[in-house]
Amino acid sequence: KYNKKLTEIADVLADPSGKLDGSLAKASHFSVRLMPGEKLPLANFEQEGAITRFAAHVTAVDVDAALKQTLLEVRFDKAPWGQIQSPIGDFFGASPGINPYESLPFTVFHDGRMVCRYTMPFKKHAEVLIHNKGEQEVTVTLKIKVDDYKWLDGTSMHFRARWRADHELLSNPAEVKDIPYLLIRGKGRMVGAAAFLMNPTFVPSSYGNWWGEGDEKIFIDDNLKAAFIGTGSEDYFNYAWSSSAIFTHAYCGQPRNDGPANRGFVTNYRWHIIDNIPFEKSFDFYMELYSHRVVEGFSYARMIYTYASPECHDDHIPVSTEDVRLLEMPENWWPD
């Protein structure tokens, strides 16, 4: 009875960009060139509607640096600062650099094009700003498709993407740390998470250099007892046994893992589409940093994606120049 529908859905999950992005041909086109330190508005929409496709392409002499040091900010309905605020590469879930992958809400192509398919509603206004916090000239090109959307007060929500980073952490199995991803107050739904790590361990094997024994801890609606307590970061991101394999699926993936084993730059994502997490009053997300061995100089950047009512507030911290400094692995690496 449902064979035709099942086949259609399977085709979309296998090839989201090919099956879903035809509307980008009708998208509005924007481009801006920014000098170091410059912040400029790039797109402005004065209407009721929703962004249904958001595509970006960044060009610079050092593209990897530009993707990390160029900030994307999207403000809905005259918010004082962006509900979306993130390095532009991290927003699309595959940094540092261009790491091609295909998932349902995001795709990153080999040529550097990046597409977001999360629907982003707004009642009266949407504005996109770009801030170059790096030391080189950067050009950002966007394609944005806006469709009709009826905003319903008390029901409709703004899309939010909150990025933060901590550098020079000590990862120590004797001192497990809860890393806060996001604390938000109000009503909404959590729809995704991503982690962007630099693991400069001197151990060459996954037995010794695995970073993710730590569990996710998710607190909902002012409850002091966690509603979710996981069994390891690897299980949260939908794999196991500290796999170093590159894999990408519709709802989860590891588009970057330098190696050997889990050493170097590592990126994981999980999109909560069929398992989005609703909250009425509050949502707090932590992930334990729990490595097999002691690692100095660990860097941990992360994102939480939510839909939230306009009156929501969270613990987002403005992104600083220090946050987006370029990270380097130790030189002349020799394994212990």
Side-chain angles (χ1 to χ4, degrees), residues 20-60 66-93 105-108 112-134 137-153 155-163 188 191 303 305-314 316-319 324:
L20 299 176
D21 291 345
S23 62
L24 274 173
K26 300 179 180 179
S28 300
H29 185 275
F30 307 89
S31 185
V32 66
R33 184 173 62 183
L34 298 100
M35 303 306 293
E38 194 169 17
K39 182 176 183 178
L40 294 173
L42 183 51
N44 189 69
F45 301 95
E46 295 277 358
Q47 63 184 88
E48 182 181 53
I51 296 172
T52 56
R53 291 293 181 278
F54 187 95
H57 191 208
V58 177
T59 56
L67 290 167
K68 179 63 69 176
Q69 297 184 316
T70 304
L71 297 188
L72 169 67
E73 183 175 358
V74 185
R75 301 180 184 182
F76 299 112
D77 294 322
K78 303 292 185 179
W81 60 349
Q83 286 92 341
I84 297 172
Q85 194 176 80
S86 166
I88 194 166
D90 291 50
F91 173 73
F92 291 92
F106 289 105
T107 296
V108 174
R113 292 177 296 131
M114 303 173 288
V115 178
C116 173
R117 303 182 190 92
Y118 276 116
T119 297
M120 308 178 194
F122 50 95
K123 185 176 182 179
K124 295 181 179 179
H125 181 254
E127 182 182 23
V128 180
L129 303 99
I130 305 293
H131 187 184
N132 181 4
K133 297 183 78 69
E137 181 182 305
V138 173
T139 298
V140 178
T141 301
L142 300 181
K143 289 184 178 179
I144 302 176
K145 179 70 165 56
V146 176
D147 288 319
D148 292 338
Y149 179 92
K150 180 61 178 177
W151 182 274
L152 299 175
D153 289 331
T155 300
S156 297
M157 297 182 181
H158 291 133
F159 181 71
R160 302 162 75 105
R162 297 305 208 192
W163 180 92
V191 294
M303 288 273 288
Y305 304 81
T306 59
Y307 285 94
S309 57
E311 64 274 11
C312 272
H313 63 276
D314 59 36
H316 177 64
I317 300 170
V319 180
V324 296

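Everything numeric in this text was worked out from a predicted model, so none of it was measured. Atom set for the values below is all heavy atoms of this structure, side chains included, hydrogens, waters and symmetry mates excluded.
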Could you walk me through whether Thr119 and Tyr149 pass side chain to side chain donor-acceptor pair (under 3.5 Å), step by step?
CA-CA 10 Å; Thr119 297; Tyr149 179 92; over 6 Å; no
Sequence neighbours excluded, which residues qualify as side-chain hydrogen bond (donor to acceptor under 3.5 Å, both in side chains) partners of Ser31?
Thr141
Those residues that, when tested against Phe159, pass ring-ring contact (aromatic ring centres under 6.0 Å, His included) (two or more places apart)
Tyr118, Tyr307
Which value, rounded to the nearest 0.5 Å, describes the distance between Met120 atom CE and Phe54 atom CZ?
6.5 Å
Output all residues satisfying salt bridge (charged side-chain N to carboxylate O under 4.0 Å, His left out) with Asp147, sequence neighbours left out; order by chain, then residue number.
Lys145
Applying the side-chain contact (heavy atoms from CB on, under 4.5 Å) criterion to Leu24, which one of Val115, Ile144, Thr52 satisfies it?
Val115
Ring-face cation contact, Trp81 with Arg162, 6.0 Å cut, 45° max
yes
Given 3.5 Å as the limit, does a donor-acceptor pair link the side chain of Asn132 with the main chain of Glu38, or not?
no
Lys124: partners by salt bridge (charged side-chain N to carboxylate O under 4.0 Å, His left out), with sequence neighbours left out:
none
Qualifying residues under side-chain hydrogen bond (donor to acceptor under 3.5 Å, both in side chains), relative to Gln85, sequence neighbours excluded:
His316
For Glu73, the salt bridge (charged side-chain N to carboxylate O under 4.0 Å, His left out) test, sequence neighbours excluded, returns Lys39, Arg75
Non-neighbouring partners of Ala66 that pass side-chain contact (heavy atoms from CB on, under 4.5 Å), sequence neighbours left out:
Val58, Ala60, Thr70, Gln136, Val138
Of all residues at least two apart in sequence or in a different chain, which pass the salt bridge (charged side-chain N to carboxylate O under 4.0 Å, His left out) check with Arg117?
Asp21, Glu102
So, using ring-ring contact (aromatic ring centres under 6.0 Å, His included) as the criterion, who are the partners of Phe91 when residues are at least two apart?
Phe106
For Asp148, all residues meeting side-chain hydrogen bond (donor to acceptor under 3.5 Å, both in side chains), sequence neighbours excluded
none
Qualifying residue for ring pair (Phe, Tyr, Trp, His ring centres under 6.0 Å) with His158, from Phe122, Tyr305, Trp151
Trp151
Does His57 have any ring-ring contact (aromatic ring centres under 6.0 Å, His included) partners at least two apart in sequence or in another chain, and if so, which?
none
How would you list, by chain and number, every residue that makes a side-chain contact (heavy atoms from CB on, under 4.5 Å) with Glu311, sequence neighbours excluded?
Ser309
